[in-house]
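Everything on this sheet refers to the single structure shown next.
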Amino acid sequence: MKRIVSVFLMAALLLSFSKLDAQQTNDAKMKTFIDALMKKMTLDEKIGQLNLPGSGDIVTGQAQSSDIGKKIREGKVGGLFNIKSVAKIKDVQRVAVEESRLKIPLIFGMDVIHGYETVFPIPLGLSCTWDMKLVENSARIAAVEASADGINWTFSPMVDICRDPRWGRIAEGSGEDAYLGSQISAAMVKGYQGNDLKANNTIMSCVKHYALYGAAEAGRDYGTTDMSRQRMYNDYFPPYKAAVDAGVGSVMASFNEVDGVPATANKWLMTDVLRKQWGFKGFVVTDYTGINEMIDHGFGDEQTVSAKALMAGIDMDMVGEGILKNTQKSLKEGKVTLAQIDAACRRILEAKYKLGLFDDPYKYCNENRAKTEIFTTAHRKEARSTAAQSFVLLKNQGNVLPLKKNGTIALIGPLADNKQNMPGTWSVAANFENATSVLKGLQETVGDRVTILHARGSNLDEDSLFEERAGMFGKSLRRDSRPASVILQEALDIANRADVIVAALGESSEMSGESSSRSDIEIPQLQQDLLKALLKTGKPVVLVLFTGRPLALKWENDNVPAILNVWFGGSEAGYAIADVLFGDVNPSGKLSTTFPQNVGQVPLFYNHKNTGRPLGEGQWFSKFRSNYLDVSNEPVYPFGFGLSYTSFSYSDIKLSSTSLKGNQTLTASVTVTNSGKYDGKEVVQLYIRDLVGSVTRPVKELKGFQKIELKAGESKTISFTITPNDLKFYNYDLKFDWEPGEFQIMIGGNSRDVKMGKVNWTK
Ligand code: BGC
């Protein structure tokens, strides 16, 4: 036996050595190739590689005569982005490789954020699956489709930690937690890039927005960020670092400032942390006009900010062309160095080399793949099942859900019959005509057995101008111009004829996403009024809630019997909603963000510090304690929360030891029982609290989770292995280490309801 093990070990060792060897040979080959190419490049051509202009709307067949065509021919473009279709991409690539002096291919980027034409749930929804295989698979499918359509670089994953639901871009990330966010970040990078970037169905990933973009003051987009290094390193940096550790090919700078210096020109961020501390080897691109925007930040004129960005470690300038226009002059005046220009140019060329574009610049331009690998039945099936698993059941009083597959349903709400709003924000490549509305999803799934009545019930909001702003990019809800009372009465009429009411309400998809911050995070008043009127009918009401952010749902939680949060589930969401409503899929999503009672509690997050005057157990107000006069400190729904059609009970926690030393290993386990009537999935979550630290530590931190499946009545013992690595944090000197002492070990089905044990761990 021992011999077999050692033979295996030897083989594994040899394999990793040969992998290392192959990597070194590849790197050497790449260096030789790029050295030779750069020797031929003029300064202008080197600077040209750093330019990522806005492509406008390139019309097929006209690339040559366009302004972009001219620049490409002159070697002044490194890549283009958000151009859709093989025909258009081939057209511009042809100009680059046939008509420019050095024939350097372009890189083609796109915001493939949550799927391509097959659209998966918005990232915030996807994160609620807590299923890394699903997450990786969604990125894999997105990469297959995007690469089949000419794209080789995606501006994803977006991993900005956010604790402020006013910020609209919370929809694009994975919520409030660094641990979960890091797992997702790595899984997405793996999904996009696969094991081999040279394959024609993998694409380069770009983690964004580095850094701290999700911590904008007051949740207003592009706002200032100001935080301690402690918080950066412990709570906000880990998902970016996880992407770097997973081998992400590129990084996008964020719009906000960090420590008073815009991220785009922040050398500490771009070079000291990213490259020196984390060992990042790829290239850094700015965000859209990120360089020019520093003029408004008050950081200098165009030449100054362009030079500062380059010298800070930016390699590619998105849209603004500040680097293209000013770098020659800055070099002459000693504001930038040739070494820095060379380094940036080399990194862009390396990315193209790694993608195999020098071998075949058209390798992603295969019309046949475009016809057969996009929006396929197989991909749609995955998207449907992923969407169903992203939904979070927030309430299910009296088991209103699942619905019976008979009788009459009144489907009511401004979001009930709209395709355009299903894919969600940032679905650049989606064909909205291909999306399925809730109405169509229900009709196609159960329409032969269930009578489905439908009415709008209300517009999105009373204010038509607000509704316009919340329906941009072709996502209008087609406002009904009839008086509100008439629209409501029509709905009440069908509601009275139904056995159950399904109310499809909430936000439109453009109420979250970029530049879609809100100061009020409730369901718009007009829809709340509709909901109240529907409840008054006395019929059971199921709220199917669309949202791109945590909403303040105190009233709804107190009054509506069933709430299913469906986020924006993607092109197949209509079917997925039917699957869950009728119990073909048992919901298993768990929140990746805290849902506050009201906007005044924001930022409210589970892994907060304790303060010197915490409230006592069970108290909600006590004078001279840390609390509010008008609301308790509790959220409506805590981080990690989500119900199922079945129920799970947890045994007390069992610890392998309560006293540990050094590198020993602790096993913490619970027995989880499916105590209900349905088979179901549960996310078992491990939290740890470090009771005393050289800097104060959060009241709990997620340190592990396992998504398990249990048949009705079945029990399983779930164990977590804990080592000192799980106790590490960045201390006052930003050293990542653990400190001996007492630790609470907690396991549960959400961050609030946990079973607890305690250990003492000495060094
Ligand atoms: C966004 C980025 C996006 C870029 C390119 C910017 O406005 O902040 O997330 O990748 O546009 O479309």
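What you see below is based on every heavy atom in this structure, not just the backbone, and it leaves out hydrogens, waters and symmetry mates. Whatever order the structure lists ligands and atoms in, that order sets their numbers, starting from 1.
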Quiz item: Is Tyr213 close to ligand 1, meaning an N/O of one under 3.5 Å from an N/O of the other?
Solution: no
Would you call [X] and [Y] a salt bridge, taking side-chain N to carboxylate O under 4.0 Å as the test?
X	Y	answer
Arg169	Glu172	yes
Arg166	Asp164	yes
Lys208	Asp287	no

Can you list the atoms of ligand 1 that are under 4.0 Å from a heavy atom of [X]?
X	result
Asn82	12 (O)
Tyr288	6 (C), 7 (O), 11 (O)
Phe155	10 (O)
His209	2 (C), 8 (O), 9 (O)
Phe81	5 (C), 12 (O)
Asp111	3 (C), 5 (C), 10 (O), 12 (O)
Asp287	1 (C), 2 (C), 3 (C), 4 (C), 6 (C), 7 (O), 8 (O), 11 (O)

Practice problem: Calculate, to the nearest 0.5 Å, the distance between atoms CG and CH2 belonging to Leu80 and Trp153 respectively. | Solution: 10.0 Å
Answer yes or no on whether [X] is positioned over the face of [Y], meaning its NZ or CZ is under 6.0 Å from the six-membered ring centre and within 45° of the axis.
X	Y	value
Lys198	Tyr353	yes
Arg163	Phe605	yes
Arg275	Trp268	no
Lys88	Phe108	no

Quiz item: Does ligand 1 have an atom that lies less than 4.0 angstrom from a heavy atom of Glu172?
Solution: no
Quiz item: Has Met158 got any heavy atom lying under 4.0 angstrom from an atom of ligand 1?
Solution: no
Practice problem: State whether the side chain of Glu217 and the backbone N or O of Thr225 hold a donor-acceptor pair below 3.5 Å, judged by distance alone. | Solution: no
Tell me which part of [X] gets within contact of ligand 1: side chain, backbone, both or neither, using heavy atoms under 4.0 Å.
X	value
Trp426	side chain
Met252	side chain
Met110	neither
Lys208	side chain

